[in-house]
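In this text the structure is predicted, and so the values were computed from the model without any measurement. Starting from 1, each residue takes its place in the sequence as its number.
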Amino acid sequence: MDITNTILGAVLFSFIIGPIYIINKNVKKKKSQALKALNELSVDKNDKFIEADFWNNDFGIGLKSEELCFIGKYEDSVFQDVIRMKEIKKCTIVKIGKSGVPKETHDIVKLSLHLEFKTQKDINLVFFETSPTHFIIGEEVRLANKWQQLISSKI
């Protein structure tokens, strides 16, 4: 009777823990691939990232000592950029709603970091944009706020 219970317990345990282990392994693999892709963009490939975040399997941002690297995969294009931190003059969050500026988080149709430069044209690093496959904003607001504060503190 004890052997039967032990075998049954082990089988149930493996059915519960097995999928969790596989999912965790896949998440770590995707994060490692995204980190590698970000590192390929940077000029100094030997320098480690101070901070890096990834979301929706399509976006990533990382900060090295002197560089900000960003990758964004949109429906039909890929945006990649490496920005020198000393060239950034100002960093602000831009939230665009259906009718201009949104009142609440669920009204946002586009969320981006607007970077103003000292010598070149300003750019927007898009964290969220409504699309047929991605129409609910999640952790992007928190990440945009985090990166706006981080970039502002470094300039």
Notebook entry, point to check: Have S152 and Q148 got a donor and an acceptor in their side chains that come within less than 3.5 Å?
Noted result: yes
Checklist line | Nearest heavy atoms of M85 and E67, plus distance in Å | finding: CG-N, 4.0 Å
Item checked: Shortest non-hydrogen contact between E116 and D122, atoms and distance -> CA-OD1, 3.3 Å
Check: If you round to the nearest 0.5 Å, how far is CZ of F15 from CD1 of I20?
Finding: 14.0 Å
Notebook entry, point to check: Does NZ belonging to K90 count more than 12 external heavy atoms closer than 6.0 Å?
Noted result: no
Notebook entry, point to check: How many angstroms lie between CD1 in I151 and CD1 in I83, if you round to the nearest 0.5 Å?
Noted result: 7.0 Å
Next item on the list: State the CD1-CG distance between I93 and N145, to the nearest 0.5 angstrom.
Entry: 4.0 Å
Item checked: Inter-residue atom distance L115.CG - N124.CG, 0.5 Å rounding -> 7.5 Å
Next item on the list: Give the minimum heavy-atom separation between D53 and K146, together with the two atoms involved.
Entry: OD2-NZ, 2.7 Å
Margin query: For F117, I'd like to know if atom CZ has over 12 heavy atoms of other residues, nucleotides or ligands within 6.0 Å.
Written below: yes
Note to self: Out of the candidates L125, D81, L113, only one should pair with L68 under the side-chain contact (heavy atoms from CB on, under 4.5 Å) rule; please name it.
What the structure shows: L125
